Amino acid sequence: MTTRIARRFAASVALAALCLATPALAQDKTVKIGVLNDMAGLYADIGGPNSVVAVKMAIEDSGLLKKGWKIDVVSGDHQNKPDVGVNLARQWIDNDKVDAIADTPTSSVALAISNLVKEKNSVLLNSGAATADLTGKACTPNTVSFTYDTYMLANGTGKALTKAGGNTWFFLTVDYAFGHALERDTTAAVTANGGKVIGGVKHPLNTSDFSSFLLQAQSSKSKIIGLANAGGDTTNSIKQAAEFGIIQGGQKLAPLLMFVTDVHSLGLKTAQGLTFTESFYWDLNDQTRAWSKRFAALASKNAMPSMTQAGNYAMVLHYLKAMEALGGNPRDGAKVVAKMKELPTDDPLFGKGPLRADGRRLIPAYLFEVKKPEESKGPWDYYKQIATISAEDAAKPLEASDCPLVKK
């Protein structure tokens, strides 16, 4: 009799322990985010260590640390090489239990990481990579893109300059996935608006000598030379074009992807008059100014934030909002992304806007022109806004999407 009672008591204790354990498992409030980008190369100013600053600001501003959550950040350099990026990401996911990988400039790296996170059922929070294929034919349930893409850039700068009379184009294109996608999407925008592409040349990533490429562009006599590159490649193209007197000769340079950090590197004397598209500028409104001032105080060289660094902040803030809504970390990337798409996005930098089924966040874009030196009122006062591109026009229409997640 005593033995029977003891067994029943033991069973009751075990059942109670199981009941207590179940909600505890559901309330896993630990998260680890890996910031993966170019930490020291031609894209370091765009993302680099200052993207880590932006992510840490998002963690702090989420309020989750004060609610008992433990959120860690690791960072790494993919060196703009897909194999390096994938190997590091795989190690993070398998060994270090990283839940989400953020930033990932360099489209070839991002496309490879996107495949990996789908396989591992983790999350890719893309802010740095431009290829629209991440939310198009290569979309997955585990990847989101917040800040910009090649479609936005093409339908901002390409469309505007063609309509303004720049109806013949020659492309100087970096020879990997990003450059190819940007040239493809800009060509479509140019031709749709009555323009014509009369030539182009590919250049290696991170080349130092653009002379032969620029001479081909100059001899084409095109009205517009489209720079389908980024970071150090863009700034070097522009500097060397100035040495060749290309702008003085009547041709216009169109940097199809440019950042405030690039303008800072070039200086207003060299960059003045350049026209390009971005979805963020530190001086847009009171909220962007306040946040950017906080960012600069923490950032390397007290730099103002690039578009992608701002995107990392907004994206991680929304990711953590989804985690909180789920009540804990489900260790299920697709489930977290689904919750991110379900919740309305709202942050101080980009405002409100849906996260679509294809993983693309809808935000407006802006056509900017670089000020003349005498127009600038102080450090980092570089842009004047020419036009606003609506959120709907800045993203490829869902009905035209080739993302398998989109129901037609």
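Remember, it's a predicted structure, so these values are computed and weren't measured experimentally. The first residue in the sequence is number 1, and the count goes up from there.
Within the structure, disulfide (SG to SG under 2.5 Å) pairs that include any residue of residues 130-204 comprise C139-C403 (at least two apart or interchain). The list of disulfide (SG to SG under 2.5 Å) pairs with a residue in residues 241-350, not counting sequence neighbours, is empty.
Scanning for ring pair (Phe, Tyr, Trp, His ring centres under 6.0 Å) contacts around W291 gives F295, Y313, with sequence neighbours left out.
A salt bridge is defined here as a Lys NZ or Arg NE, NH1 or NH2 lying under 4.0 Å from an Asp or Glu carboxylate O, and R184 with D133 meets this definition. A salt bridge does not link D96 to K32: none of the charged nitrogens lies less than 4.0 Å from a carboxylate oxygen. Of the charged side-chain nitrogens involved, none lies within less than 4.0 Å of a carboxylate oxygen, so that D185 and K396 do not count as a salt-bridged pair. With salt bridges taken as basic N to acidic carboxylate O contacts below 4.0 Å, none links D72 and K97. A salt bridge links E119 with R90: at least one charged nitrogen is closer than 4.0 Å to a carboxylate oxygen.
A ring pair (Phe, Tyr, Trp, His ring centres under 6.0 Å) with F368 holds for exactly one of Y281, F280, F259; it is Y281. Considering F276, Y366, W282 as possible partners of Y383, the one that fulfils the ring pair (Phe, Tyr, Trp, His ring centres under 6.0 Å) test is F276. Of the listed residues (I238, V201, N229, L227), just one forms a side-chain contact (heavy atoms from CB on, under 4.5 Å) with F210, and that residue is N229.
Residues S265 and K239 come closest through the heavy atom pair OG-NZ, 4.4 Å. W380 approaches N302 most closely through the heavy-atom pair NE1-O, 4.3 Å. Residues T104 and A110 share a closest heavy-atom pair of O-CB, 3.7 Å. Contact between S292 and P305 at its shortest, heavy atoms only, is OG-CG, 3.4 Å. Contact record, I93 with S122: CD1-OG, 3.4 Å, taken as the closest heavy-atom pair. For the residue pair T261 and D45, the shortest heavy atom distance occurs at CG2-O, 3.7 Å.
Checking D393 against N155 by side-chain atom types alone, no donor-acceptor pair falls below 3.5 Å. No side-chain donor from either of S51 and Q309 sits under 3.5 Å from a side-chain acceptor of the other.
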Using the rule given for side chain to side chain contact (heavy atoms under 4.5 Å, CB included), can you reason through T277 versus I389, listing the C-alpha separation, both sets of side-chain angles and the distance that settles it, and then say yes or no?
CA-CA 9 Å; T277 305; I389 303 159; 4.0 Å; yes

Go through the steps for Y319 and V123 under the test side chain to side chain contact (heavy atoms under 4.5 Å, CB included), then give the verdict.
CA-CA 10 Å; Y319 169 74; V123 177; 4.3 Å; yes

Side chain to side chain donor-acceptor pair (under 3.5 Å) between N121 and N142: does it pass, once the steps are laid out?
CA-CA 7 Å; N121 196 22; N142 299 73; 3.0 Å; yes

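Rounded to the nearest 0.5 angstrom, Y148 OH and T308 OG1 are separated by 6.5 Å.
Ring geometry for F213 versus H203: interplanar angle of 30 to 60°, hence tilted.
When side chains are defined from C-beta on, E183 does not count as touching V197, because their heavy atoms never get closer than 4.5 Å. Residues L268 and K372 are not in side-chain contact: their nearest non-hydrogen atoms beyond the backbone lie 4.5 Å or more apart.
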